[in-house]
Asker: 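Structure provided below as structure tokens; questions to follow.
Naming convention: chains lettered A, B, ... in sequence-line order (proteins, then strands); numbering from 1 in each chain.
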Protein chains: 2
Amino acid sequence: MTLTKEAGRYGMERQPFASAANVSERLAQPPALAISTVIFALRPSEASGRPTLWLPLVRRIREPFQGLWALPGGPLTQAESLQDAAARNLQDTTGLAPSYLEQLYAFGGLHRSPSQRVVSIVYWAMVQPTEAEMAQESENVKWFRADGLETLAFDHNQIVDYALWRLRNKMAYGPIAYHLLGETFTLAQVREVYEAVLDRTMDPANFRRQLKQTAHIEPTGEYLQGGKHRPPRLYRYTGNIAEDSPAPHPRADNA
Amino acid sequence: MTLTKEAGRYGMERQPFASAANVSERLAQPPALAISTVIFALRPSEASGRPTLWLPLVRRIREPFQGLWALPGGPLTQAESLQDAAARNLQDTTGLAPSYLEQLYAFGGLHRSPSQRVVSIVYWAMVQPTEAEMAQESENVKWFRADGLETLAFDHNQIVDYALWRLRNKMAYGPIAYHLLGETFTLAQVREVYEAVLDRTMDPANFRRQLKQTAHIEPTGEYLQGGKHRPPRLYRYTGNIAEDSPAPHPRADNA
DNA sequence: CTTAGTTAAAGTCATGTTGACTACAACTGA
DNA sequence: TCAGTTGTAGTCAACATGACTTTAACTAAG
């Protein structure tokens, strides 16, 4: 089982190893370090009216990729941790507070940006659709449907795809779905989130049974009024997001 | 559901957001970027003789933390991707080829290093115990048991703990265990890996049944000779590591 | 007031998986 | 030949899952 055989498995490019002698040369021009954030929120689809995934993008106002849409991001400030930087991006872009925030991946390919080499540490977040209704669209900030995106700047299409993949993976287990909803919600709304993200219908009865067993939710005692039919019971999330599994390391960012 | 309430959930530190005006100031002194690798391998325990997890550490030969043990790592070369840099660390340190290599996490706390701020992109790897028997110990490179480590340099204890947590998590599902073994192995050896990493005994009969159903292995037709008892059948791993779930994005590092 | 229509909510049943356990086979060494 | 050990297969109850049925609660039309 040689290295060459193994290399194909995890996509490592074979390449002669640099000698340890030219350390000074390596440090000559360190790569730029950027923080970006993939922000997911729920919005009713124009067509069906059912909730679907959306994310905000910003328009590039300079080269490279001027005019194209890109993930919100920027350089890392000296005074802020990685997670703080991601949260600040989110605040600057949408004006919303993140209901969930987690590191996605560090992208460090050699040719992600045409001129200088850029290493991007990307976070992904979820915001609740309640406050402000995510209204803060402008000339250079716009919300897009998460699936079927047009061509974005840099490798941001791949990054969004990866974030979507991880969102779906985390959704399958763990109670993250609640962070796309408001403070209170009906069980049908939770199911709609699962159906939208995982892209398949689920039996309402079985879904209810499973939720009551595993997830930490409790009825508020109130009911959602205003509908045309029997008003559904409202619930509240009571669990702690830090114990999701598989999940990121709690406080891994703080040191 | 305010930001303050939410902040406690994922451990984000509340902090005034920097204004967008002082971008030039931010770029004045960019953080240093380092690549480190947590390398796991299987070794028989001195006491019980059963296989346990070990990892190689290097001694710091300069300040800060001079004399303490640390994860192998170094700066990022301009010409190599993040994963290549991690693989080079592994090669320089152990001389072994990685059987598995995956990004762990980007650690970017403000005070990880006393003097300059350092952002570390950490990978974790698994090597097979066969070739070279991991013999390459020296004055400044030594193997340690993964549990019960002494105090390491920087925040490397936390990083190792996180890597262990993720290894256990990945082991529970997915067929990564084979990457700690050689090309051929017995089912009992696989079970011993699970027992060592997950730290609990497993029923041999049930373990066999599950493996045959899910994991992709096939008998080689040969048997392991030399034991005192009935010779066990030898197996070979036939699956593709890229389809593990949950897993890192295939080729996320290449762009 | 009655009834049709819709949704919430709970229950039923067959199927598959899991963990604990038993039984048998194969081999070594005394 | 026998005792001891390990590989291998099978059984069984407990449990979770998916598909489905049934009842309850409510609105709106007639």
Asker: Would you say B:Q210 reaches C:dG19's phosphate, i.e. side-chain N/O to OP1/OP2 under 4.0 Å?
Answerer: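 B:Q210 to C:dG19 OP1/OP2: side-chain N or O found under 4.0 Å.
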Asker: Quick check: do B:I39 and B:P72 have side-chain heavy atoms less than 4.5 Å from each other?
Answerer: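 Yes, their side chains come closer than 4.5 Å.
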Asker: State which residues pass salt bridge (charged side-chain N to carboxylate O under 4.0 Å, His left out) with B:E150; sequence neighbours excluded, sorted by chain then number.
Answerer: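 Once residues adjacent in sequence are excluded, B:E150 has no partner under the salt bridge (charged side-chain N to carboxylate O under 4.0 Å, His left out) criterion.
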Asker: Only counting residues at least two apart or in another chain, list the ones meeting side-chain hydrogen bond (donor to acceptor under 3.5 Å, both in side chains) with A:R233.
Answerer: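 If we apply the side-chain hydrogen bond (donor to acceptor under 3.5 Å, both in side chains) test to A:R233, skipping adjacent residues, there are no hits.
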Asker: Between A:E192 (CD) and C:dT7 (P), how many Å, whole number?
Answerer: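 Going from CD in A:E192 over to P in C:dT7 covers 11 Å.
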Asker: Write down the distance between CD (A:Q189) and C1' (C:dA8), rounded to a whole number of angstrom.
Answerer: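 Checked: the CD to C1' distance equals 14 Å.
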Asker: Show each protein N/O and nucleotides 5-9 of chain D N/O combination with a separation under 3.5 Å, one pair to a line.
Answerer:
from	atom 1	to	atom 2	distance (Å)
D:dG7	N3	B:R230	NH1	3.2
D:dT8	OP2	B:R208	NH2	2.4
D:dT8	O5'	B:R208	NH2	3.2

Asker: Send over the distance from A:M202 CE to D:dA19 C1', rounded to a whole Å.
Answerer: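 Taking CE of A:M202 and C1' of D:dA19, I get 14 Å after rounding.
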Asker: Between B:H179 and B:Y237, what is the ring plane arrangement, given parallel below 30°, perpendicular above 60°, and tilted in between?
Answerer: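 B:H179 vs B:Y237 ring planes: perpendicular.
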Asker: To the nearest Å, give me how far apart CD (A:Q213) and C1' (D:dC15) are.
Answerer: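 Result: 10 Å.
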Asker: Whole angstrom is fine here: how far is it from CD in B:E195 over to C1' in C:dG19?
Answerer: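 Computing the B:E195:CD to C:dG19:C1' distance gives 15 Å.
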Asker: State whether the distance check finds a donor on one side and an acceptor on the other, under 3.5 Å, for side chain A:R209 versus base C:dG11.
Answerer: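 Not at all, since no donor on one side and acceptor on the other fall under 3.5 Å apart.
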Asker: Given B:L53 and B:L180, is the side-chain contact (heavy atoms from CB on, under 4.5 Å) satisfied, shown in steps?
Answerer: CA-CA 9 Å; B:L53 276 180; B:L180 282 172; 4.1 Å; yes
Asker: Expressed as a whole number of angstroms, how long is the span from B:L224:CG to C:dA26:P?
Answerer: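 It is 18 Å, rounded to the nearest whole Å.
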Asker: How close or far is atom C1' of C:dA10 from atom CG of A:L211, stated in whole angstroms?
Answerer: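 In whole Å, C:dA10 C1' and A:L211 CG are 15 Å from each other.
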Asker: Picking from B:Y100, B:Y105, B:Y162, what satisfies ring pair (Phe, Tyr, Trp, His ring centres under 6.0 Å) with B:W124?
Answerer: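 By the ring pair (Phe, Tyr, Trp, His ring centres under 6.0 Å) criterion, B:W124 pairs with just one of B:Y100, B:Y105, B:Y162: B:Y100.
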